[in-house]
Amino acid sequence: MHESQDRPAAGAVRGYRRDEPGTHPALDDEGYKSTRLRHPKQPLVYLPHTVTEVSGPQLGLERVTGELDHDLTRQHEGEPLGERIVVSGRVLDGDGRPIPDTLIEIWQANAAGRYLHKGDQHPAPLDPNFSGAGRCVTDAEGRYEFITIKPGAYPWGNHHNAWRPQHIHFSLLGQAFAQRLVTQMYFPGDPLFAYDPVYNSVRDPAGRARVVSRFDIERTRPDWALAYDFDIVLRGRESTPIEEER
């Protein structure tokens, strides 16, 4: 997903530019073992952007099919176990301008640290009232909000005694199929940060800080849920590190 250097006129086709080398984690990270199997073995071939890419089918409101798509605590008959939280923020370009109509999808482990996925063999219980996936579309100010539960840490076998910090995966889809970014949101003060090669694959300390959410007392709801703020900046010096396509 990219923004033009200058705000385009309404209806105009946006221009694109590539990130500078080193902006995002390396495809083959020494500490993150599974990247060795998933990253491309040949140099990437960049194809020119065409009008078809930016004028093709849009991914927006039509993907949000239910009123509760953004509320992961009310998608089943009962409430899920765990600490209820509100996660909200804005999607912005490098100049701080809001990005509206961006489809945001999240997925996460349950409070016990287990995903509802056949590949997850962590011997923690599944929660029949929690699927761990949600979606919404940013409004005119680039704002989004999810209601969910705080995910648990889980072991993942990357190295001896390897545990992932609590995190939520984010996928952002822009105006075309090729405009997809994936990143992870972490929680402040997690003691596992120092031991997690995925978090530390972002070499720049300031970049790592940008994937950690901020506790938000203003949006915390009395007697109901804590709140976390997580703005996502798509480009520029303050951009949120993303996971490169592998």
Side-chain angles (χ1 to χ4, degrees), residues 22-41 72-73 79-87 89 105-134 146-172 181-216 225-230 232 239-246:
T23 301
H24 304 290
L27 296 179
D28 187 1
D29 189 89
E30 182 178 357
Y32 185 179
K33 290 169 56 177
S34 58
T35 60
R36 300 172 190 169
L37 303 176
R38 294 190 295 180
H39 76 83
K41 299 299 187 295
L72 284 67
T73 69
E79 283 200 67
L81 298 174
E83 176 188 342
R84 191 186 300 113
I85 60 173
V86 178
V87 177
E105 296 175 305
I106 64 170
W107 65 96
Q108 63 170 91
N110 65 21
R114 184 169 180 182
Y115 290 94
L116 183 61
H117 189 279
K118 63 181 181 181
D120 190 341
Q121 299 300 310
H122 177 30
L126 290 171
D127 187 338
N129 292 314
F130 190 73
S131 299
F146 289 100
I147 300 170
T148 181
I149 53 94
K150 199 169 187 178
Y154 57 85
W156 64 303
N158 183 76
H159 55 274
H160 173 66
N161 207 12
W163 289 78
R164 291 300 326 279
Q166 296 167 301
H167 63 279
I168 297 176
H169 298 268
F170 275 69
S171 166
L172 287 79
L181 299 181
V182 175
T183 189
Q184 298 181 25
M185 185 203 90
Y186 297 88
F187 294 86
D190 196 314
L192 292 172
F193 284 159
Y195 311 100
D196 183 58
V198 179
Y199 172 77
N200 289 292
S201 67
V202 181
R203 301 301 186 193
D204 180 6
R208 291 198 295 272
R210 291 196 292 272
V211 294
V212 180
S213 59
R214 180 179 63 86
F215 174 65
D216 188 348
L226 299 181
Y228 294 87
D229 180 76
F230 185 59
I232 300 172
S239 65
T240 304
I242 65 169
E243 299 174 13
E244 296 278 8
E245 187 174 349
R246 299 182 170 98

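By convention here, the first residue in the shown sequence is residue 1. Atom set for the values below is all heavy atoms of this structure, side chains included, hydrogens, waters and symmetry mates excluded.
- Considering only heavy atoms from C-beta on, Ile106 comes within 4.5 Å of Leu72 through its side chain.
- Rounded to the nearest 0.5 angstrom, Tyr199 OH and Asp190 CG are separated by 9.0 Å.
- Taking CZ of Arg210 as the reference point, atom CG of Asp204 lies at 6.0 Å (rounded to 0.5 Å).
- His159 contributes atom NE2, which lies 9.0 Å from atom NZ of Lys33 (distance to the nearest 0.5 angstrom).
- Between Arg203 and Asp29 there is a salt bridge, since at least one side-chain N of the basic residue sits less than 4.0 Å from a carboxylate O of the acidic one.
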Could you go step by step and tell me if Tyr154 and His167 meet the ring pair (Phe, Tyr, Trp, His ring centres under 6.0 Å) rule?
CA-CA 10 Å; Tyr154 57 85; His167 63 279; 5.7 Å; yes

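- Between the side chain of Asn200 and the backbone N or O of Phe193, at least one donor-acceptor pair lies under 3.5 Å.
- Remark: of the listed residues Asn110, Leu116, Leu81, Asn110 is the sole one forming a side chain to side chain contact (heavy atoms under 4.5 Å, CB included) with Phe130.
- Using the six-membered ring where Trp is involved, Tyr32 and Trp156 have ring planes that are perpendicular, over 60° apart on the 30 and 60° scheme.
- The distance from the OG1 atom of Thr73 to the CD atom of Glu79 is 5.5 Å, given to the nearest 0.5 Å.
- Between the Gln108 side chain and the Gly132 main chain, no donor and acceptor come within less than 3.5 Å of each other.
- The closest donor-acceptor contact from the side chain of Thr183 to the backbone of Pro241 lies under 3.5 Å.
- A donor-acceptor contact shorter than 3.5 Å links the side chain of Arg208 to the backbone of Val202.
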